[in-house]
Structures are given as structure tokens and as C-alpha cells.
Amino acid sequence: PLASFLPGAPISHGELERKAKELEDANEALLVQIAERQRIEDTLKKKQADLDHAARLSTMGVFAASIAHEINQPLTAVASTAEICKRWLAEPAPEIGRICSAFNRIEREANRASEVVRRVRSIVAKRPAETLPLSLNAAIEDVLPLIRNGLKRQRISLRTELDSRLPTVMGDRIQLQQLFLNLVTNAMEAVAGNPEHGREIGVSTKAGPGGEISLSVRDNGPGVAAGDLQKLFEPFSSTKPEGMGLGLSICRSIAEAHGGTLSAHPGFPAGMVFVTTFSQRGEA
Ligand code: ADP
């Protein structure tokens with residue numbers, strides 16, 4: 001009856017029970033929906049993590065496998081020839097001639113290995129073929145969206161201080177963005193072990209009095225022992241289980257191809273600061 005729908009109208013016991021049942025059913029359906037949504041969200045999160053992982057592995061993995069192969073051959077030759085040399089030297093009357101030629105082989109193979117490393121560096125950081133005037137700040141701002149998700153997911157706070165008085169640089173935009181992304185990715189990996197509310201990265205650009213431009217990426221991660229600072233830039237030096245140890249070596253090549261430098265410094269009070277400095281004209 002109409003009356004039962006009016007506010008304050010008496011509701012029969014049966015109707016109350018029916019409404020309670022309806023509410024209960026709706027509640028149950030809602031709970032199922034929430035659980036389903038949570039499940040989908042978890043699956044998506046896992047998929048995203050898998051995708052990130054796969055993307056990293058597929059590019060890095062293929063690259064790493066081919067480099068590893070190229071380098072492994074000469075290194076195996078070096079090791080086995082050195083072994084033979086030791087055996088020959090232990091003989092009662094060592095034959096100097098053949099030992100010398102074995103040493104020559106060791107030298108040749110070692111040079112072959114370092115040539116591979118040199119080639120890898122030059123492939124990844126070719127001297128800019130075409131250098132164009134560009135705004136370093138704009139180049140950085142362009143790639144920030146690429147890392148936003150990762151920062152959010154890992155609860156890392158990013159502070160940017162881009163100097164608006166920065167003069168134009170001559171350079172290869174993609175390479176400079178690659179350098180920046182490498183440094184930020186390293187910083188993100190460095191702070192990952194910090195407690196959730198203590199993961200901080202700072203990015204800044206600055207115009208120096210002599211027209212030079214610097215780009216700094218700092219983090220409050222565990223940092224690096226002073227004695228190990230130079231080693232960071234050596235190719236294939238990595239402390240990460242899946243690390244290639246090429247990032248910083250490539251970054252330094254890019255900075256140098258732009259007439260600049262890249263250096264690593266202990267952060268204050270903790271962490272690391274990586275500073276790239278370019279002269280204003282780029283000199284590439
Ligand atoms: P990868 O990241 O593949 O290991 P990199 O050349 O980029 O190669 O870095 C080499 C090593 O330098 C890393 O394995 C790590 O030990 C160290 N490193 C780089 N950046 C940082 C940083 N921000 N804080 C602490 N250690 C760092």
C-alpha cells in the first residue's frame with residue numbers, strides 16, 4: 001500500500017524482514033564486488049611488475065648475452081693460455097720462445113676483449129651526429145612522466161629544482177635524456193631499501209658563473225664507500241644481481257661526447273650525488 005512508502009508510516013514485520021534480506025544480499029554482492037576488484041587490482045599490479053621486469057630483461061638480457069659471449073671467448077683463451085704457460089714454465093728447461101708467443105696470444109686476446117667493451121661503449125654513446133640547441137630543463141621535464149609511475153609505486157619522493165636561467169646547450173636530446181634516466185633509475189634502486197617514508201631523490205640543474213651547466217641527481221640511499229667511487233664507472237662493474245654495470249660507463253661516455261664530465265660524490269648526510277657538467281656551447 002501507498003502508506004507504507006511514506007516516511008514515518010508503519011512497516012509490517014514481513015516487509016522489514018524482506019528489506020533486511022535485500023540489504024544483506026546487496027551487502028554480500030558488494031563484498032563480492034570489492035573482493036573481485038581487489039583481485040583484479042592485484043593481478044594488474046603483478047602484471048605491471050612482470051612487464052617491467054620482462055621489458056628490462058628482454059632488452060638488457062639480449063644485449064647482455066651477446067656481449068657476454070663476445071667477451072667470454074677471448075677471456076677463456078686468456079685463461080687457458082695462461083694455464084699452459086704455467087705448465088711450460090714448470091718444466092726443467094722452459095722453452096722461452098714458445099712461452100713468449102703464448103704471452104703474445106694472451107695480450108692479443110685481452111686486447112680483443114677490451115675492444116669489445118670499447119665498441120659497446122661507442123655503439124651506445126656515439127658522438128652526437130647532429131647536435132641541436134636544446135633546453136636541458138625541457139629535455140628533463142619531457143621524460144619525467146616516464147618515471148612517475150615507478151616513483152609512486154615505490155613511494156619515492158622526487159624534488160626537482162630546475163634553474164630557469166639555464167642557457168641553451170648544444171647536444172643530442174635523446175642521449176642526454178638517456179643519461180638522466182640512467183642516473184634516476186640508479187637513484188631509485190639505491191633508495192629502494194630505505195623505509196617507506198624515507199625514500200628521496202633530488203634532481204637539479206644549475207647555471208654556473210662561467211656559463212657551464214650542471215645537472216645533479218642525488219639520493220639518500222646507502223651510498224658508496226669512498227674507495228669504490230671510481231670503480232662505479234668501469235664497464236661491467238655492478239653490485240646488482242641483474243645489473244649489467246654499463247649504465248654509468250655509458251652516462252660518462254655521453255657526458256664526454258658533449259664536452260662534459262660526470263662524477264660521483266658522497267651525498268650529505270647520506271647517499272650519493274652524481275653531477276654532470278657541460279660547457280655552455282656543448283663542444284660536441
Ligand atoms: P648497474 O645499475 O647495471 O649495476 P651502473 O653502471 O649504472 O650499472 O652502476 C654500477 C654500480 O654503481 C651499481 O651496481 C651500484 O653498485 C653503483 N651505483 C650506481 N648508482 C648508485 C647510487 N645512486 N647509489 C649507490 N650505488 C650506486
Side-chain angles (χ1 to χ4, degrees), residues 38 40-61 136-164 166 176-206 213-234 237-252 254-255 262-277:
Q38 184 64 47
I40 292 174
E41 211 168 283
D42 289 348
T43 316
L44 278 178
K45 260 191 206 154
K46 167 131 196 347
K47 279 224 156 34
Q48 175 72 41
D50 287 350
L51 265 179
D52 287 354
H53 191 68
R56 215 185 135 112
L57 282 187
S58 63
T59 42
M60 288 312 217
L136 188 62
N137 288 349
I140 290 173
E141 275 167 344
D142 268 3
V143 289
L144 284 180
L146 295 180
I147 54 166
R148 287 253 182 259
N149 266 344
L151 291 170
K152 211 169 133 194
R153 228 178 317 133
Q154 297 174 61
R155 313 251 191 284
I156 300 172
S157 78
L158 171 74
R159 222 177 79 189
T160 49
E161 270 178 79
L162 306 181
D163 189 342
S164 58
L166 220 57
L176 293 175
Q177 288 176 330
Q178 190 187 357
L179 178 152
F180 169 70
L181 285 176
N182 270 338
L183 294 181
V184 172
T185 308
N186 275 346
M188 287 169 70
E189 288 173 347
V191 300
N194 287 9
E196 238 187 48
H197 293 291
R199 301 174 189 161
E200 287 161 22
I201 294 179
V203 170
S204 59
T205 56
K206 219 176 163 85
I213 291 172
S214 64
L215 159 66
S216 306
V217 176
R218 59 180 67 239
D219 65 72
N220 66 344
V224 172
D228 291 335
L229 286 180
Q230 272 317 307
K231 220 168 58 197
L232 302 183
F233 296 96
E234 285 170 15
S237 99
S238 176
T239 54
K240 301 169 193 168
E242 280 166 18
M244 284 260 295
L246 282 178
L248 286 177
S249 143
I250 289 167
C251 287
R252 183 169 262 181
I254 292 175
L262 170 64
S263 52
H265 311 270
F268 183 79
M272 287 295 294
V273 191
F274 285 86
V275 185
T276 317
T277 309

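Along the sequence shown, residues carry numbers from 1. For the numbers below, each heavy atom of this structure counts, side chains included, while hydrogens, waters and symmetry mates do not. Keep in mind the model is a prediction, meaning the values are calculated, not measured.
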According to side-chain contact (heavy atoms from CB on, under 4.5 Å), who are the partners of [X], at least two apart in sequence or on a separate chain?
X	value
K152	none
A255	L179, L262, T276
T277	E212, S214, T261, V275
T239	none

What's the spacing between [X] [atom1] and [Y] [atom2] if we round to 0.5 Å?
X	Y	atom1	atom2	answer
T160	I201	OG1	CD1	12.0 Å
R199	Q154	CZ	CD	7.0 Å
L162	K206	CG	NZ	12.0 Å
Q177	N182	CD	CG	12.0 Å
R218	M272	CZ	CE	11.0 Å

Test side-chain contact (heavy atoms from CB on, under 4.5 Å) on F274 and N186 and set out the steps. CA-CA 10 Å; F274 285 86; N186 275 346; 5.7 Å; no

Could you go through D219 and V184, starting from their C-alpha distance and side-chain angles, then the distance that decides it, and tell me whether this counts as side-chain contact (heavy atoms from CB on, under 4.5 Å)? CA-CA 9 Å; D219 65 72; V184 172; over 6 Å; no

Below 3.5 Å, can you tabulate the donor-acceptor pairs from side chains in residues 136-147 to any protein atom, sequence neighbours excluded?
{"residue": "N137", "atom": "OD1", "partner": "T205", "partner atom": "OG1", "Å": "2.8"}
{"residue": "N137", "atom": "ND2", "partner": "D163", "partner atom": "O", "Å": "2.8"}
{"residue": "D142", "atom": "OD2", "partner": "R173", "partner atom": "NH2", "Å": "2.6"}

For E41, give me all partners under side chain to side chain donor-acceptor pair (under 3.5 Å), at least two apart in sequence or on another chain. none

Taking side chain to side chain donor-acceptor pair (under 3.5 Å) as the test, write out the residues that go with S237, two or more places apart. none

For residues 220-233, dump all side-chain donor-acceptor pairs below 3.5 Å to protein atoms at least two apart in sequence or in another chain.
{"residue": "N220", "atom": "OD1", "partner": "N194", "partner atom": "ND2", "Å": "3.1"}
{"residue": "N220", "atom": "OD1", "partner": "E200", "partner atom": "N", "Å": "3.0"}
{"residue": "N220", "atom": "ND2", "partner": "G198", "partner atom": "O", "Å": "2.8"}
{"residue": "D228", "atom": "OD1", "partner": "K231", "partner atom": "NZ", "Å": "3.4"}

What pairs with R148 under salt bridge (charged side-chain N to carboxylate O under 4.0 Å, His left out), at least two apart in sequence or on another chain? none

If we count only N and O atoms by modelled type, under 3.5 Å, do the side chains of D42 and Q38 hold a donor and an acceptor together?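 The criterion, which ignores hydrogens and geometry beyond distance, is satisfied for Q38 and D42.
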
